[in-house]
Amino acid sequence: MKYARIKGTNDIYGDEISYWYTIEESAKKVAKLYGYGEIRTPIIEPTELFIRSVGEETDIVQKEMYTFEDKGGRSITLRPEGTAPVVRAFIENSFVNKGFPQRYFYIGPMFRYERPQKGRQRQFHQVGFELFGSESPLADAEIIHLAVKLIKEIGLSKFKVVINSIGCEKCRPKYRDALKQYYAKHIDEVCDDCKRRYDTNILRLLDCKVDMEIANKAPKSTDYLCGECKEHYENLKKHLKMLDVEFEEDHKLVRGLDYYNRTVFEIRHELLGAQSAIAGGGRYDKLIEMMGGQSVPALGFAMGMERLIIAMKAEGVKIEPALVNHVYIAHVGDVVETALKIAEDLRRQNITVVMDVMDRGLRAQLKHADRIGALLTVIVGENELAEDIVIVKDMESGEDSRVDINFVVDFVLDKLNEIL
RNA sequence: GUGGCCAUAGCUCAGCUGGUAGAGCGCCUGACUGUGGAUCAGGUGGUCGUGGGUUCGAAUCCCACUGGCCACCCCA
């Protein structure tokens, strides 16, 4: 094999593509329903953008970024996530002057240098939603509600929403201290990874799969929230109940990106395997200011499209085929002109028409029509044309109809109406 | 970055303890000068992931690399 895909990337084509269409169309539909406009940002950004926003100490920055130097000596990075570029665009284009709130969504590829496994590639795709300007728990509820709506729209049902609040810069230090105290007592019982993380990232000890028992009994961040954070969290839960969004609270849910505060949430699918999160997000009230903009509260989430597709397949979600070939036009003898005209007449009625361009025999043409799943085949033949007639074949029943050439379009339209 | 399993035709795989490749499906052609799906017959198709080693001889044994799957780490 001369050339092969880069590890962790995929070619997407054929039947697969209909899953992608389903997700993209659902995302656009739901976005429209909630008043979110699409934003398309570059796939490449200055490396510094991600170091600053995602966090110097995170795994994404430490070891997962595709970074290279361009010919001008600038350090460029293929975006590993979608929020930072949107925030960059927000600041760069002075979105603050457009009034609040502002709602955006994006769809596109992200890149992380990781070992591929089920539900994880180096190039993967996310659809994300961001809401700028509101500090209200109503905004949190909207984002979570929207995420759930979208997942249902895609056809999934075996998922659950998990939420938590990790507080703000005022209350988080106190919680961190409490965790440290708790884990100091158990430091001999936990695994080696946890011992290491005790110093590097104490919050991460909570989602260790080895030491779940200890993590379960650990102090909860929600018990250490300051008055404002507590009220925010309580109101969010109230709103979610009003919206009939079922959720679980999980005090062990802490997310990996540094910029989150207060609300964090994840949506997990039960049929997925080790990488069970199909969506994740939270609030990032300090990020825009930290990145050099004004102080604007914001929040958002991203969904992994590949993971959604795995879930769709696992649940057996029925999808619309991306392409239905309504009519195949076969032609035999010196009749091309008529065949072309019929094809065009049909396309003008929004009918998908595929015409033979191989100059093969009728047999081969019908075989091809069958292979591409044509619903009808119009056979334009010399013999029939002498009587101003074409044959329309129903490819499922095999039944032939002799149709006056002046009524082909009407006949095909009727026939398709019957079938579809 | 770590670990386990794996790599033979377009696809799914067989090939036992070493003797220079096979099946099914697919594809093409014909039976059927102008009627697809079914059947039958014939045909096309692989430097056995790459490189090295052991051997008279390697798809088969050994090593390395690359890639795949799954898991860890972490995340969508």
Side-chain angles (χ1 to χ4, degrees), chain A residues 1-10 23 54-55 57-64 79-83 107-128 147 151 191-194 196-197 200-201 204 207-210 253-257 264-269 272-281 300-311 328 330-333 335 356 360-385 390-400:
Chain A
M1 192 101 51
K2 191 90 195 264
Y3 297 110
R5 267 172 281 131
I6 299 294
K7 185 191 188 109
T9 65
N10 271 116
I23 295 172
V54 175
E57 298 306 318
T58 58
D59 276 18
I60 291 180
V61 169
Q62 287 287 314
K63 49 187 195 191
E64 295 175 2
R79 64 181 183 198
E81 61 108 32
T83 298
I107 302 179
M110 306 294 163
F111 303 83
R112 288 182 204 171
Y113 190 87
E114 300 182 90
R115 279 287 270 273
Q117 70 183 75
K118 185 170 185 174
R120 174 191 291 162
Q121 286 96 296
R122 289 184 173 179
Q123 176 175 342
F124 61 104
H125 299 76
Q126 289 187 333
V127 22
I151 288 167
C191 66
D192 289 347
D193 278 337
C194 284
R196 179 174 51 76
R197 280 176 290 193
T200 59
N201 193 343
R204 281 254 92 84
D207 62 4
C208 178
K209 284 156 192 151
V210 186
L253 175 65
V254 290
R255 313 216 71 252
L257 287 66
V264 292
F265 75 99
E266 227 169 70
I267 300 178
R268 297 176 189 152
H269 196 270
L272 225 53
Q275 312 303 325
S276 64
I278 51 179
F301 75 93
M303 302 198 320
M305 295 174 76
E306 284 83 355
R307 289 187 187 174
L308 288 171
I309 292 172
I310 295 171
Y328 182 85
H331 51 98
V332 282
V335 296
D356 171 72
R360 286 190 288 211
L362 182 58
R363 178 185 192 67
Q365 295 188 55
L366 276 165
K367 200 178 170 71
H368 188 248
D370 185 50
R371 189 206 293 263
I372 65 173
L375 272 20
L376 300 173
T377 295
V378 174
I379 302 171
V380 187
E382 260 174 355
N383 300 345
E384 291 79 8
L385 221 50
V390 295
I391 294 171
V392 177
K393 188 181 197 60
D394 181 321
M395 293 303 280
E396 191 172 343
S397 67
E399 180 198 351
D400 281 354

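Every heavy atom of this structure was used, including side-chain atoms; hydrogens, water molecules and symmetry mates were not. First the proteins, then the strands, lettered A, B, ... as listed; each starts at 1.
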Distance between [atom1] atoms of [N] and [M] (Å, rounded):
| N | M | atom1 | value |
| --- | --- | --- | --- |
| B:rU55 | B:rC74 | P | 48 Å |
| B:rA38 | B:rG19 | P | 39 Å |
| B:rC72 | B:rA59 | P | 38 Å |
| B:rC25 | B:rA41 | P | 11 Å |
| B:rG51 | B:rA14 | C1' | 27 Å |
| B:rU8 | B:rA76 | C1' | 36 Å |
| B:rA64 | B:rG15 | P | 25 Å |
| B:rC63 | B:rU54 | C1' | 11 Å |

Please report the shortest heavy-atom distance between [X] and [Y], naming the atom on each side.
| X | Y | answer |
| --- | --- | --- |
| A:E306 | A:F124 | OE2-CA, 3.4 Å |
| A:T9 | A:I6 | OG1-O, 2.6 Å |
| A:L366 | A:M395 | O-CE, 4.0 Å |

Provide, to the nearest angstrom, the distance between the [atom1] atom belonging to [X] and the [atom2] atom belonging to [N].
| X | N | atom1 | atom2 | answer |
| --- | --- | --- | --- | --- |
| A:F265 | B:rA76 | CZ | P | 11 Å |
| A:K367 | B:rG26 | NZ | P | 9 Å |
| A:L362 | B:rU35 | CG | C1' | 5 Å |
| A:R307 | B:rC70 | CZ | P | 12 Å |
| A:D356 | B:rU35 | CG | C1' | 14 Å |
| A:D59 | B:rA76 | CG | P | 12 Å |
| A:E64 | B:rG1 | CD | P | 12 Å |
| A:R363 | B:rU33 | CZ | P | 8 Å |

If you look at every strand shown and take non-hydrogen atoms under 4.0 Å, does [X] touch a base, only sugar-phosphate, or nothing?
| X | result |
| --- | --- |
| A:Q121 | base |
| A:G119 | base |
| A:E382 | base |
| A:A302 | sugar-phosphate |
| A:G8 | sugar-phosphate |
| A:G128 | nothing |
| A:M110 | nothing |

Minimum-distance nucleotide to [X] side chain [options: [options]]:
| X | options | answer |
| --- | --- | --- |
| A:R371 | B:rA76, B:rC27, B:rC74 | B:rC27 |
| A:K393 | B:rC75, B:rU35, B:rG1 | B:rU35 |
| A:R204 | B:rU35, B:rC74, B:rA71 | B:rC74 |
| A:I391 | B:rA76, B:rG36, B:rU35 | B:rU35 |
| A:K7 | B:rG34, B:rG67, B:rU35 | B:rG67 |
| A:R255 | B:rC32, B:rA76, B:rU2 | B:rA76 |
| A:I379 | B:rG34, B:rC75, B:rC74 | B:rG34 |
| A:E114 | B:rC74, B:rC75, B:rU35 | B:rC74 |
| A:M395 | B:rC72, B:rG36, B:rC73 | B:rG36 |
| A:V332 | B:rA71, B:rG34, B:rC73 | B:rG34 |

So is A:R122 actually on top of A:Y113's ring, under 6.0 Å and inside 45° of the axis?
->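 Because its charged atom sits under 6.0 Å from the ring centre and within 45° of the axis, A:R122 does stack over A:Y113.
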Would you mind telling me which residue lines up with the more 5' stretch of RNA chain B, A:N10 or A:Q275, judged by nearest nucleotide?
->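 Upstream on the strand: A:N10.
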Hey, which sits more toward the 5' end of RNA chain B by its nearest nucleotide, A:L257 or A:A274?
->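 Final value for this comparison: A:A274.
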Provide the Watson-Crick or G-U wobble partner of [N], both distances under 3.5 Å; none if there is no partner.
| N | value |
| --- | --- |
| B:rC28 | B:rG42 |
| B:rA76 | none |
| B:rG22 | B:rC13 |

Is there a donor-acceptor pair under 3.5 Å between the side chain of [X] and the backbone N or O of [Y]?
| X | Y | answer |
| --- | --- | --- |
| A:T58 | A:G55 | yes |
| A:R79 | A:M110 | no |
| A:K393 | A:T377 | no |

Any N or O donor-acceptor pair linking the side chain of [X] to the base of [N] at under 3.5 Å?
| X | N | answer |
| --- | --- | --- |
| A:R120 | B:rC75 | no |
| A:E384 | B:rG34 | yes |
| A:D370 | B:rG37 | no |

According to a strict under-4.0 Å criterion, is A:Q117 in side-chain N/O contact with OP1 or OP2 of B:rA71?
->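 Looking at the OP1 and OP2 atoms of B:rA71, one of them is under 4.0 Å from a side-chain N or O of A:Q117.
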Rounded to the nearest 0.5 Å, how far does CD1 of A:I267 lie from CZ of A:R307?
->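 These two atoms lie 13.0 Å from each other.
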Pair A:R120 + A:E114: basic N to acidic O under 4.0 Å =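 A:E114 and A:R120: salt-bridged.
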